[in-house]
Amino acid sequence: MKVLVIGGGGREHALVWKLKQSPRVEKIWCTPGNGGIAADAECVAIDAGDVAALVAFAEKMRPDLAIVGPELPLVNGIGDAFRERHWAIVGPSKQAAQLEGSKIFSKEFLQRHSIPTARTYGAFESASKAYTALHNVPFPVAVKADGLCAGKGVLVAQNFEKARDFIERVMEKSELGAGGKRILLEEGLEGDELSFIVVSDGNSYAPLVPTRDHKRVYDGNQGSNTGGMGAYSTDDLLPEALRKTIVSTIVQPTLAGLAADRIPYQGFLYIGLMLTNSGPKVLEFNCRLGDPETQAIVARMDFDLADVLQNVASGNLQTSKLRWKPGASACVVLASGGYPGRFESGKRIEGLAGAEQITGVKVLHAGTQGVSDEVVTSGGRVLGVTAAGPTLGAALGAAYAAAEKIHFEGMHYRKDIGRHFNSLKASGN
Ligand code: AMP
Ligand code: GLY
């Protein structure tokens, strides 16, 4: 098989790394890839959102399978462009990708199908109407820009001033671009978050192992939101009773709702959940795999990913069995100084080889670039130090031991990935 992986972050490196282990895969292209992916695939400098250029590339190279990492090409219609040409691709249609591309679309979908989610206070096209509505809502309130905003489109505000200030920046100053033309106000939920990702071939689906992301930049969930500073996976995250509730009240109604609305869904569907005192509720849908959740998920895969994804693309998922390694996995993100704000690039990265000598560890690259014989930083999230182990403690221990061997100027990372879960377990919750 010749495979095209679209994207160039840590998620795509995880996919490429796993695909390369398949005896069936003879060639992998990655567009645009990064400094680490270059060791495992042929990187081709095509912007991930550029559907026309990706179609032209596929026309020439004829990959047997394409796998889409980020949301932008999906929202731009790459799924439809490939399927119209009868080319195998894993990723939903433009219409289905609206579940992520428009928060108002996804909220209306959730309400139409009675799927548990935060109570909504309304969708607004003008800032003044949103300010008026804010006078009558309880806090905390979640303010959400409708469109794609690269992870910056949501603020959970504790008071009127903070909510008003965010609406002003998003709607009046257009700080987030076109994604902020409309906003949604909803109830701010409290609880632990859980990423529940399924893969569907349009008819049947299979769940992936559960994961938890760490969105805030600093330990103890302090500081601004990021794309994700680390993730972990263990089956204990999802006790059987909770798993059943999630499947029956959220996953099945979501897939049935898509079918009823005549929106076939093929690809990964990421369901972001808040585990509240009154049960699991949907915070968001993403039309793709999570980053860094994928790094933790791939570390636990005990199946041929190329095989399974080919079955997804051809509607034969039922013939696949997804086997998972027992135990746990963890991914610790090493970020550039200043991230998620302004940061400098081009810093030389040292210690990569030593880090990978630790048993069970794989260093997955996100914002890196190869320059001569060196690897330098080129993004906010630079590396995802990923490890699997028999227990969460073992996986975290290996990932942190490896992280300590790596260095670049300004590097910072959270020291408490997975710790909240360990303390919950210790307290018997
Ligand atoms: P999203 O941009 O929809 O992915 O949301 C990003 C993050 O905002 C989520 O992972 C949550 O941490 C938070 N969030 C979104 N909606 C809510 C809500 N209704 N209540 C509390 N937190 C929320
Ligand atoms: N880690 C969260 C996301 O991929 O959206």
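Indexing begins at 1, ligand by ligand and atom by atom, following the structure's order. Reckoned from all heavy atoms, side chains included, excluding hydrogens, waters and symmetry mates.
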Asks: Which residue and non-hydrogen atom of the protein lie closest to atom 4 (O) of ligand 1, and at what distance in Å?
Replies: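 The closest heavy atom on the protein side is E284 OE1, 2.2 Å.
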
Asks: In terms of residue, atom name and distance, what is the protein heavy atom nearest to atom 5 (O) of ligand 1?
Replies: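 Protein heavy atom with the smallest distance to atom 5 (O) of ligand 1: V154 CG2, 3.5 Å.
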
Asks: Does some side-chain heavy atom of R83 sit less than 4.5 Å from a side-chain heavy atom of I89?
Replies: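 Yes - at least one pair of side-chain heavy atoms lies under 4.5 Å apart.
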
Asks: Would you tell me whether N221 and H420 have side-chain atoms, one donor and one acceptor, within less than 3.5 Å of each other?
Replies: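 Side-chain D/A pair, N221 to H420: absent.
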
Asks: Which atoms from ligand 1 have a heavy atom of K144 less than 4.0 Å away?
Replies: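 With K144 as reference, the close atoms of ligand 1 come out as 15 (C), 16 (N).
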
Asks: Does ligand 2 come near enough to D213 that some N or O of the ligand is less than 3.5 Å from an N or O of the residue?
Replies: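 Looking only at distances, the answer is yes, because the N/O contact criterion of under 3.5 Å is met.
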
Asks: Among E284, E186, E187, which residue meets the salt bridge (charged side-chain N to carboxylate O under 4.0 Å, His left out) test with K144?
Replies: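 Of the listed residues E284, E186, E187, the salt bridge (charged side-chain N to carboxylate O under 4.0 Å, His left out) partner of K144 is E186.
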
Asks: Give yes if a backbone or side-chain nitrogen or oxygen of K215 is under 3.5 Å from a nitrogen or oxygen of ligand 1, and no if not.
Replies: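 Indeed, backbone or side chain, K215 has an N or O that close.
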
Asks: Could you check whether any heavy atom of K103 sits closer than 4.0 Å to an atom of ligand 1, since that is the contact criterion I want to use?
Replies: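 Right, K103 reaches ligand 1.
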
Asks: Is it the case that ligand 1 has an N or O less than 3.5 angstrom from some N or O of V156?
Replies: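 No, since none of the N or O atoms of V156 sits under 3.5 Å from an N or O of ligand 1.
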
Asks: Can you find an N or O of Y270 that's nearer than 3.5 Å to an N or O of ligand 2?
Replies: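 Such a contact does not occur with ligand 2.
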
Asks: Is there a donor-acceptor contact under 3.5 Å linking the side chains of R212 and Y232?
Replies: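 Yes.
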
Asks: Closest non-hydrogen protein atom to atom 20 (N) of ligand 1, residue and atom name please, with distance?
Replies: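 It is L189 N, 2.8 Å.
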
Asks: Given the ring of Y413, does K415 sit roughly above its face, with NZ or CZ under 6.0 Å from the centre of the six-membered ring and within 45° of the axis?
Replies: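 So K415 does make the cation-pi contact.
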
Asks: Would G151 count as a contact residue for ligand 2, given that I'm defining contact as a non-hydrogen atom of the residue lying under 4.0 Å from a ligand atom?
Replies: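 Per 4.0 Å heavy-atom rule, G151 does not contact ligand 2.
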
Asks: Need the ligand 2 atom indices (1-based, order shown) with element for anything under 4.0 Å from a heavy-atom of G227.
Replies: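 Heavy-atom distances to G227 below 4.0 Å select 1 (N), 2 (C).
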
Asks: So is R323 actually on top of F303's ring, under 6.0 Å and inside 45° of the axis?
Replies: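 The answer is no; the distance or angle limit is not met.
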
Asks: Short list, please: which atoms of ligand 2 are under 4.0 Å from a heavy atom of N286?
Replies: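 So the atoms of ligand 2 that pass are 5 (O).
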
Asks: Looking only at the side chains, is there a donor atom on one of S195 and E293 sitting less than 3.5 Å from an acceptor on the other?
Replies: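 Yes - a donor-acceptor pair under 3.5 Å links their side chains.
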
Asks: Only heavy atoms count here, so choose which of E190, E193, E186, R119 is nearest to atom 12 (O) of ligand 1.
Replies: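 Closest candidate by heavy-atom distance is E193.
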
Asks: Of V3, V5, I67, L305, which is the lone residue that meets side chain to side chain contact (heavy atoms under 4.5 Å, CB included) with V16?
Replies: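 Result: among V3, V5, I67, L305, V5 is the only option passing the side chain to side chain contact (heavy atoms under 4.5 Å, CB included) with V16.
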
Asks: Please identify which atoms of ligand 1 are closer than 4.0 Å to at least one heavy atom of A118.
Replies: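 Atoms satisfying the 4.0 Å criterion: 19 (N).
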
Asks: Is the shortest distance from a heavy atom of G290 to ligand 2 less than 4.0 Å?
Replies: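 A heavy atom of G290 does come that close to ligand 2.
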
Asks: Please tell me whether D261 and H113 have a donor and an acceptor in their side chains that are separated by less than 3.5 angstrom.
Replies: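 Distance-only check passes for D261 and H113.
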
Asks: Any chance NZ of K347 has more than 12 other-residue heavy atoms, nucleotides or ligands included, within less than 6.0 Å?
Replies: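 Yes, because the 6.0 Å sphere around NZ of K347 holds more than 12 heavy atoms from other groups.
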
Asks: Starting from atom 17 (C) of ligand 1, which protein heavy atom do you reach first, and at what distance in Å?
Replies: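 Looking only at protein heavy atoms, the one closest to atom 17 (C) of ligand 1 is L283 CD2, 3.4 Å.
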
Asks: Can you tell me which residue and heavy atom of the protein come closest to atom 5 (O) of ligand 2, and the distance to 0.1 Å?
Replies: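 That would be R288 NH2, 2.9 Å.
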
Asks: How about N34 and S378: do any of their side-chain heavy atoms sit closer than 4.5 Å?
Replies: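 A side-chain contact under 4.5 Å is absent here.
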
Asks: Take the angle between the ring planes of H13 and H365 and call it parallel below 30°, perpendicular above 60°, tilted in between.
Replies: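 The arrangement is perpendicular - the two ring planes meet at more than 60°.
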
Asks: At a 4.0 Å threshold, what atoms of ligand 1 neighbour a non-hydrogen atom of G188?
Replies: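 Per the distance check, 20 (N).
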
Asks: Classify the contact between E293 and ligand 2 as side chain, backbone, both or neither, using a heavy-atom distance cut-off of under 4.0 Å.
Replies: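 Side chain only.
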
